[in-house]
Amino acid sequence: MTTLDKAPETVDPDSVSNDGKPCGHGRMLRKEDPRFVRGKGHYVDDVQLPGMLHLAILRSPVAHARVVSVDTTAAQEHPKVVAVVTGADLAEKGLAWMPTLSNDVQAVLATDKVRFQGQEVAFVVAEDRYSARDALELIDVEYEPLEPVVDARTALSPDAPVIRTDLDGKTDNHCFEWETGDSAATDAVFAKADVVVRQEVVYPRVHPAPMETCGAVADYDAVNGKLTLWSTSQAPHAHRTLYALVAGLPEHKIRVISPDIGGGFGNKVPIYPGYVCAIVGSLVTGKPVKWMEDRSENLTSTGFARDYIMVGEIAATSEGKILAIRTDVLADHGAFNGTAAPIKYPAGFFGVFTGSYDLEAAYCHMTAVYTNKAPGGVAYACSFRITEAVYLVERMVDCLAYDLDMDPAELRLKNLLRPDQFPYTSKTGWKYDSGDYATTMRKAMDMIGYDELRREQAERRERGELMGIGMSFFTEAVGAGPRKDMDILGLGMADGCELTVHPTGKAVVRISVQTQGQGHETTFAQIVGEELGIPPEDIDVVHGDTDNTPFGLGTYGSRSTPVSGAAAALVARKVRDKARIIASGMLEVSVADLEWVKDDERGGAFQVKGDPSAAVTIQDIAMRSYGAGDLPDGIEGGLEAQICYNPENLTYPYGAYFCIVDVDPGTCEVKVRRFLAVDDCGTRINPMIIEGQVHGGITDGIGMALMEIVAFDEDGNCLGGSFMDYLIPTALEVPHFETGFTVTPSPHHPIGAKGVGESATVGSPPAVVNAVVDALKPYGVRHADMPLTPSRVWEAMQGRAAPPI
Ligand code: PCD
Ligand SMILES: [Cu+]
């Protein structure tokens with residue numbers, strides 16, 4: 001069902017739920033913003049504790065070397081230094097290595113070797129931040145250089161030095177092998193196809209680069225045996241459990257607090273050595289210890305994203321019916337596999353590379369390798385590798401359009417899944433919950449004025465101008481996930497939620513997910529408010545503190561709305577069920593005689609069927625639940641509930657994106673003239689927040705398509721270690737954003753909502769690249785790799801392969 005533009009007049013047409021009723025309170029200003037715009041946000045670096053010490057990390061200047069010796073004598077003598085800790089010190093405590101969230105191990109501080117430039121080698125704890133940094137220079141490390149492995153393509157060659165000598169019996173740089181789909185069936189379809197298109201497509205290494213870098217303040221209270229850790233974590237509960245397992249501390253004696261987070265984008269999902277160092281620092285000094293990265297440390301040593309070399313093949317009929325897709329991927333995971341992905345999915349959700357199309361067969365084979373680069377493979381605004389998958393398929397479809405000389409919009413419309421095919425099980429086993437793709441695609445084409453733009457393009461081409469029209473149609477799988485298939489290091493991906501309505505009818509909802517700027521304090525209040533008829537202003541959302549919130553797996557992969565959002569709606573319904581019983585006592589009727597009504601005047605109320613005068617509001621009921629007088633039999637006092645929600649399936653948001661670019665034939669500079677995103681994320685809780693999310697994601701996508709890359713020289717030196725070298729887009733590089741939407745609610749989500757936080761980062765890079773390649777069509781360009789900097793555009797126009805950057 002698509003409730004496109006079908007909302008009744010009285011309802012904010014921006015926000016309708018399954019049954020056409022308003023959901024939440026629509027466009028509500030964010031409750032957290034008054035704090036942020038007045039500089040009253042409270043971030044990890046704002047934490048100041050009495051007697052707090054400062055920690056700085058010594059990092060490897062080289063990519064691959066044996067650590068011969070680490071001499072800390074001079075640093076220890078620095079008057080303000082309190083402690084210096086090396087890998088050898090940690091090894092004595094059994095803490096030199098830690099598990100990663102993808103079942104690998106990573107060095108906290110190097111013992112045997114350094115494996116990437118920027119790797120943690122030792123740390124200093126000093127009285128102030130400056131002294132800690134100064135003292136790093138007094139540590140003398142002797143390195144015996146080893147040949148670095150920089151290029152994933154040669155990592156498996158027999159003469160490549162073995163990076164992970166720490167792993168028992170390891171004789172090569174192989175990380176993992178993975179496949180999905182049906183190889184034989186796919187080969188058979190390819191054999192009979194009229195057309196086969198093949199293209200190598202590289203998604204370069206990029207960095208999430210959140211505004212706030214990573215950091216922690218650890219405070220170990222030896223008297224009570226309690227560790228409090230303020231940290232920049234997108235997943236405080238999961239982190240706490242891992243600290244308990246690794247350090248052997250009792251879990252109830254660990255409190256992880258994620259205060260305000262200045263952007264996460266997947267970068268704050270992993271546990272970094274720095275967090276562990278801060279904990280060790282506090283344990284050994286008995287004082288609170290703060291560690292805060294600088295920008296360069298963040299860019300060179302924390303979780304990068306992508307780094308996939310993909311060879312795609314698409315089989316089709318000469319009329320443009322896509323039959324099958326096949327791909328072979330080489331994945332560069334850096335020195336340690338630092339991806340965070342559900343354990344059964346080493347390549348994340350890359351299995352959705354079949355896109356939004358109706359295929360006969362599909363197959364993917366992937367090889368992942370270790371290289372002497374920073375660890376990662378994090379899901380940067382991407383539900384576990386979906387960004388890469390969508391980029392591959394959307395680039396391949398455009399290559400097919402090029403080869404068949406077909407219009408790429410027409411080609412997509414011909415192949416999109418039809419509404420009657422949902423729920424649709426893809427050839428790689430993903431169950432797409434709902435969709436009406438063609439409606440969304442047509443709406444986007446109308447909004448952008450597709451036919452008119454093609455006419456304009458033809459005219460401009462006559463004049464030698466390079467105008468490009470690019471598009472993408474994407475489907476994501478977000479909301480990990482059903483615990484039967486998904487866990488991170490053994491932790492099932494269900495989320496708890498607790499709701500308390502106070503006697504005066506104000507409420508507190510405690511959630512396990514962690515906002516990093518998405519506006520959860522607003523939208524979760526809206527979800528509960530909608531269910532109970534309590535104004536969202538009267539509902540406080542508590543998050544980011546393991547002592548005060550229920551267990552859950554955290555925020556990434558756009559899972560908060562699909563999982564915790566569902567939990568919030570259901571816990572509110574549980575409270576409402578209890579309220580109904582209390583109301584039946586108050587009104588002296590049976591429960592069956594009551595109906596739940598919501599209106600502007602009263603908010604929410606239970607009313608005797610057919611008698612609007614006999615009603616009690618949720619606020620009346622709350623007071624009664626705590627107040628004097630008897631409650632119905634078996635009903636305890638108070639109005640609260642808790643649940644743990646295990647999603648039945650992921651949710652599958654989708655969208656149709658259009659990008660218009662102009663390429664200067666002289667300078668080869670790309671200017672994004674227009675960008676339109678039409679998203680379908682099911683029921684929209686707060687359209688204003690959704691638009692903000694989409695604006696951010698488009699900006700990210702333009703950045704990746706046109707300028708972002710973490711490159712390395714042949715010695716393994718990172719060439720993107722500052723914002724002078726690692727370019728991110730500013731307001732100057734992005735156009736005015738155009739957005740639209742359709743609403744196809746998720747059938748299994750209690751309010752029909754799907755995630756949206758990453759949609760635009762997933763959908764926009766292929767739209768931008770497709771636009772640039774389309775602009776270069778007169779030069780016979782079928783593909784060019786990101787980032788499409790002027791030099792790469794120039795090379796493509798010369799008919800040359802892209803040079804390394
Ligand atoms: N339907 C719907 C959906 C949604 N929503 C909204 O919107 C938002 C979002 O959501 P989601 O989609 O659910 O998501 P989340 O989970 O919450 O979040 C996450 C995401 O989010 C995004 N966005 C953002 N924003 C900001 N500001 N910051 C940040 O950091 C960030 N990050 C990014 C990322 S990257 Mo990953 O981590 O990579 O995986 S994942 C991610 C929120 O508020 C909600 O509520 C609404 O309203 N409706
Ligand atoms: Cu990804």
Side-chain angles (χ1 to χ4, degrees), residues 11 16-25 495-511 524-541 550 564-646 648 683 685 745 748-753:
V11 163
V16 287
S17 76
N18 302 19
D19 45 9
K21 294 204 188 110
C23 176
H25 295 249
D495 284 356
C497 189
E498 295 169 6
L499 176 62
T500 305
V501 184
H502 295 314
T504 55
K506 317 282 184 212
V508 177
V509 58
R510 296 171 194 281
I511 59 177
F524 279 81
Q526 289 183 281
I527 294 172
V528 171
E530 163 69 12
E531 296 294 332
L532 291 182
I534 300 177
E537 296 77 9
D538 289 348
I539 302 170
D540 216 19
V541 178
S564 275
L570 292 179
V571 81
R573 288 178 194 173
K574 207 166 167 183
V575 161
R576 205 167 68 198
D577 289 344
K578 181 174 179 184
R580 176 191 286 268
I581 301 173
I582 298 172
S584 79
M586 292 167 79
L587 295 165
E588 296 179 338
V589 292
S590 84
V591 168
D593 289 334
L594 289 175
E595 62 184 343
W596 174 248
V597 287
K598 261 185 62 203
D599 55 46
D600 287 347
E601 224 175 291
R602 286 180 299 192
F606 278 108
Q607 159 186 308
V608 176
K609 283 183 187 158
D611 180 7
S613 66
V616 281
T617 65
I618 192 82
Q619 287 81 3
D620 302 333
I621 301 168
M623 188 54 95
R624 179 58 174 261
S625 76
Y626 293 94
D630 278 340
L631 290 171
D633 280 353
I635 291 294
E636 290 172 12
L639 196 52
E640 55 194 25
Q642 71 176 70
I643 66 155
C644 180
Y645 176 77
N646 173 30
E648 180 184 317
T683 303
I685 300 154
H748 61 84
H749 188 282
I751 60 170

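As the structure is a prediction and not an experimental result, all values here were calculated from the model.
- Residues Leu570 and Arg573 have side chains in contact (heavy-atom distance under 4.5 Å, counting atoms from C-beta outward).
- The pair Glu640-Lys578 does not count as a salt bridge, with every side-chain nitrogen at least 4.0 angstrom from each carboxylate oxygen.
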Determine whether Val509 and Ile527 satisfy the following criterion, side-chain contact (heavy atoms from CB on, under 4.5 Å), listing intermediate values before the conclusion.
CA-CA 10 Å; Val509 58; Ile527 294 172; over 6 Å; no

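- Between Ile582 and Ser625 the shortest heavy-atom distance is CD1-CB, 3.6 Å.
- Here the closest heavy-atom approach between residue Gln619 and residue Pro535 is recorded as NE2-CD, 4.3 Å.
- Between Lys609 and Asp593, none of the side-chain N atoms (NZ, or NE/NH1/NH2) sits under 4.0 Å from a carboxylate O, so this pair counts as no salt bridge.
- A heavy-atom distance below 4.5 Å is not found between the side chains of Val501 and Ile621.
- Listed for the Arg580 side chain is a donor-acceptor partner under 3.5 Å among the backbone atoms of Leu594.
- Between Thr617 atom OG1 and Leu532 atom CG the span is 11.5 Å, to the nearest 0.5 Å.
- Counting heavy atoms from C-beta on, the side chains of Val541 and Ile511 come closer than 4.5 Å.
- Other residues, nucleotides and ligands place no more than 12 heavy atoms under 6.0 Å from the CG atom of Asp633.
- Side-chain N or O atoms of Thr683 include one that pairs as donor or acceptor with a backbone N or O of Ile751 at under 3.5 Å.
- Taking both residues in full, the closest heavy atoms of Gln607 and Asp611 are given as CG-O, 3.8 Å, listed atom of the first, atom of the second, then distance.
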Val571 vs Glu498, side-chain contact (heavy atoms from CB on, under 4.5 Å): CA-CA, chis, key distance, verdict:
CA-CA 7 Å; Val571 81; Glu498 295 169 6; 5.8 Å; no

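- Contact check for Phe524 versus Cys497: no side-chain heavy atoms found under the 4.5 Å cut-off.
- In this structure, CZ on Phe606 lies 6.5 Å from CD1 on Ile618, to the nearest 0.5 angstrom.
- Residue Tyr626 comes nearest to Thr500 through the heavy atom pair OH-CG2, 3.8 Å, listed as atom of the first residue, atom of the second, then distance.
- Annotation for Lys598 and Gly604: closest pair CG-CA, 3.9 Å, computed over non-hydrogen atoms.
- The heavy-atom pair separating Arg602 from Pro612 by the smallest distance is NH1-O, 3.8 Å.
- With hydrogens and angles ignored, the 3.5 Å screen pairs no side-chain donor or acceptor of Ser564 with any backbone N or O of Ala567.
- The distance from atom NE2 of His502 to atom CG of Asp540, rounded to the nearest 0.5 Å, is 8.0 Å.
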